[in-house]
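Have a look at the structure below, then the notes.
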Amino acid sequence: MQEEQHKYDLLIVGGGINGAGIARDAAGRGLRVLLAEQDDLGAHTSSSSTKLVHGGLRYLEHYEFGLVRKSLAEREVLLRNAPHIVWPLRFLIPHDPSMRPVWMIRIGLFLYDHLARREILPGSETVDLRRHEAGRPLKEHWRAGIVYSDGWVDDARLVVLNALDANERGATVLPRTRCTSIRREGNLWRAELATDDGRVLTVQSRALVNAAGPWAASFLRDAAEWPQVRQLRLVKGSHIVVRRLFDHPYAYIFQNPDKRIVFAIPFEHEFTLVGTTDVEVGGDPDEARIDAAEIDYLCTMINRYFRRQITLADVVWSYSGVRPLLDDGADASSITRDYQLELDTGGAPLLSVWGGKITTYRALAEEAMEMLARPLGVAQRGWTASVPLPGGDLGTVIKASGDPMADFEQFCALQAQRRPWLPAPLARRYARAYGTRMEQMLGGAASLDQLGEEIAPGLHAAEVEYLLAREWAQTAEDILWRRSKLGLHLPADAGARLQAWLDRRAGSVGARATAGVTA
């Protein structure tokens, strides 16, 4: 077993959205950063969300005005800085007189429209469902509704792009690397990291960030042997995906008799994403899976509204994520989604991240670095609010209009003009996934043949090689379900075929490396 020793300013444990966001911010301030994640980047909670960039309309009922204001402000930042993986979505709320009265919904949406500065998204409006296109899939007795704006995000790619930017600014990013032990030694942290290829890294760091999400408390108890640990509530949120239930661009937010809400969202062109549940769980968060009761619950809530009824047999995919929520004594659906940062300076600094949500990850990272700035002697202030994520700098390729969505369409039109040999659906998928990084991914290809073998329909060797070399992908699952959602569109054996291709490639690369050493 090989042992290596390294020194850093900041060791971040946890490669979900919060850990990746903090790594990006810290690297941009000139710190030597190491980000360690026990599995693939964003493999757990951060790729298992409802995939919304939203203010949290329902949080207004719990008087969380500060969280909503912060979330609404961050929604605008993300729409501007990542227009390839974040885009606007209009939501329809069918009005149910037996639930919240219409005046309450209107007041809530007025606040939602005005709590933070809004430049990109249109405001809310009342609609007649008997005439509106989003009313057609609904049962006849739903007659009135309110439409408002939020955003959609490719959550797994958001994590990877933050890690990629951190790496390009000097951070070391180590997926599949578990922190097995960590101790304070004077003014430093000493950690042992075990990689999945058998190496043991001994790391010294001036500060430690615990961004382990659902594992944040157990990491402190087990790896750090911390005497007192915060109590988290681990809440499972499950989602189902079914064939498309409607043929229009709107999403739905449904109020239900149990006072919870369920979303129905256009997903991957051919599908509808339905979620989520709130079920408290115990044990290892990695073992959380959707159960039959949750599927039945989601189907029942959807069937209350849509003409077309769904059952378990209609579910083509499902996933569950465990949200680490601060224990405030409320029921699972009402627990705050806000975060708390806890800094311990009784020796080398330890910053623990408790709670949080995807929409506010950038603000969380900036706040975390402001807390660490004094003990680490960092002078540079926050910078991420105005700097695009990798691929989001569309203005370097087209003349920016100030409207990120119009700019994205202009970018797509330019790609079609430059590469008429790319099938239109494939070109748009590349633009969505990679933005301006399409240039790097495609290299100098001037024809479809030059993208290499088509390993699975729409998946060429050039893209896989890019994901392996630049985005830390290793397995078929990484590629088909996190770096993309191609798994939904491909034949059932595509994963096995891709993994076999990856295994052959790894064997070939290993053989070449061995031959080189022998020579």
Side-chain angles (χ1 to χ4, degrees), residues 48-62 89-100 104-105 108-109 112 129 134-135 137-139 141-142 144-153 155 235-246 248-268 271-280 288-312 314-323 325 330-335 337 357-359:
S48 301
S49 74
T50 312
K51 312 189 190 308
L52 300 180
V53 169
H54 65 134
L57 179 61
R58 66 190 177 96
Y59 306 154
L60 291 174
E61 287 190 309
H62 305 293
L89 196 56
R90 293 286 273 174
F91 285 80
L92 170 71
I93 308 175
H95 177 236
D96 185 342
S98 68
M99 305 286 290
R100 300 161 179 88
M104 180 183 291
I105 298 174
L109 283 168
Y112 206 67
L129 295 181
L138 301 178
K139 293 179 178 177
H141 62 272
W142 302 109
I146 301 176
V147 174
Y148 73 97
S149 295
D150 260 325
W152 191 95
V153 60
D155 51 7
V235 177
K236 178 177 60 168
S238 295
H239 301 75
I240 58 174
V241 175
V242 298
R243 291 287 173 185
R244 190 168 57 190
L245 292 173
F246 46 87
H248 58 69
Y250 291 83
Y252 296 88
I253 176 171
F254 294 140
Q255 306 171 87
N256 294 301
D258 60 359
K259 304 300 182 183
R260 295 198 66 258
I261 59 169
V262 168
F263 293 99
I265 302 169
F267 190 58
E268 288 291 309
F271 303 94
T272 299
L273 173 64
V274 176
T276 178
T277 59
D278 286 300
V279 179
E280 289 202 52
R289 301 288 186 274
I290 193 169
D291 59 36
E294 289 177 286
I295 294 175
D296 181 68
Y297 172 84
L298 293 173
C299 290
T300 299
M301 294 302 102
I302 286 295
N303 290 341
R304 185 169 181 262
Y305 285 88
F306 283 122
R307 297 173 190 264
R308 177 183 160 190
Q309 303 288 281
I310 61 173
T311 67
L312 170 63
D314 295 296
V315 176
V316 298
W317 185 47
S318 64
Y319 62 88
S320 298
V322 176
R323 300 184 289 267
L325 305 179
D331 64 84
S333 63
S334 303
I335 304 173
R337 266 54 174 176
K357 59 197 289 278
I358 276 186
T359 307

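Count residues from 1 along the sequence.
- Considering only heavy atoms from C-beta on, Ile302 comes within 4.5 Å of Leu245 through its side chain.
- Side-chain atoms of Thr272 never come within 3.5 Å of backbone atoms of Val242 as a donor-acceptor pair (strictly under, hydrogens ignored).
- A side-chain donor from one of His239 and Thr50 sits under 3.5 Å from a side-chain acceptor of the other.
- Classified by interplanar angle (parallel below 30°, tilted 30° to 60°, perpendicular above 60°), the ring pair Tyr252/His248 is perpendicular.
- Not a single donor-acceptor pair under 3.5 Å links the side chain of Asn256 to the backbone N or O of Asp258.
- Without hydrogens or angle criteria, Arg307 side chain to Lys139 main chain gives no donor-acceptor distance under 3.5 Å.
- At least one side-chain heavy atom of Val147 sits under 4.5 Å from a side-chain heavy atom of Leu92.
- Between Ile310 and Asn303 the shortest side-chain heavy-atom distance falls below 4.5 Å.
- If you take CD1 on Ile105 and CD1 on Ile146, they are separated by 5.0 Å, rounding to the nearest 0.5 Å.
- The CD1 atom of Ile295 sits 11.5 Å away from the CG atom of Asp314 when rounded to the nearest 0.5 Å.
- For the atom pair Lys51 NZ and Phe267 CZ, the distance stands at 5.5 Å (nearest 0.5 Å).
- Here the options are Ser318, Cys299, Ser238, the test is side chain to side chain contact (heavy atoms under 4.5 Å, CB included), and the partner is Glu294; only Ser238 passes.
- Note that CZ of Arg323 and OG of Ser48 are 10.5 Å apart. Values are rounded to the nearest 0.5 Å.
- Taking 4.5 Å as the limit, some side-chain heavy atom of Tyr319 sits within range of a side-chain heavy atom of Leu273.
- Taking the side chain as every heavy atom from C-beta outward, Leu52 and Ile265 approach each other to under 4.5 Å.
- In this structure, CH2 on Trp142 lies 9.0 Å from NE2 on His95, to the nearest 0.5 angstrom.
- Of the candidates Arg304, Gln255, His141, Asp96 forms a side chain to side chain donor-acceptor pair (under 3.5 Å) with just one, namely Arg304.
- Panel note: side chain Arg308, backbone Phe246; no donor-acceptor pair is recorded below 3.5 Å.
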- Item | Asp150 and Leu89: CA distance, side-chain angles, deciding distance, side chain to side chain contact (heavy atoms under 4.5 Å, CB included) verdict | CA-CA 5 Å; Asp150 260 325; Leu89 196 56; 5.7 Å; no
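- The aromatic rings of Tyr112 and Tyr148 sit perpendicular to each other, their planes meeting at more than 60°, with 30° as the lower class boundary.
- Between the side chain of Arg260 and the main chain of Thr276, a donor-acceptor pair closer than 3.5 Å is present.
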- Run the side chain to side chain contact (heavy atoms under 4.5 Å, CB included) check on Phe306 and Leu138 step by step: do they pass? CA-CA 4 Å; Phe306 283 122; Leu138 301 178; 3.8 Å; yes
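- With sequence neighbours left out, the side chain to side chain contact (heavy atoms under 4.5 Å, CB included) criterion links Ile261 to Arg58, Ile253, Phe263.
- Residues Pro249 and Pro266 approach most closely at O-CG, 3.9 Å, considering heavy atoms.
- Counting all heavy atoms, side chain and backbone alike, Gly108 lies closest to Leu57 at O-CD1, 4.1 Å.
- At a cut-off of 3.5 Å, with distance as the only test, a side-chain donor of Ser149 or Arg90 sits close to an acceptor on the other residue.
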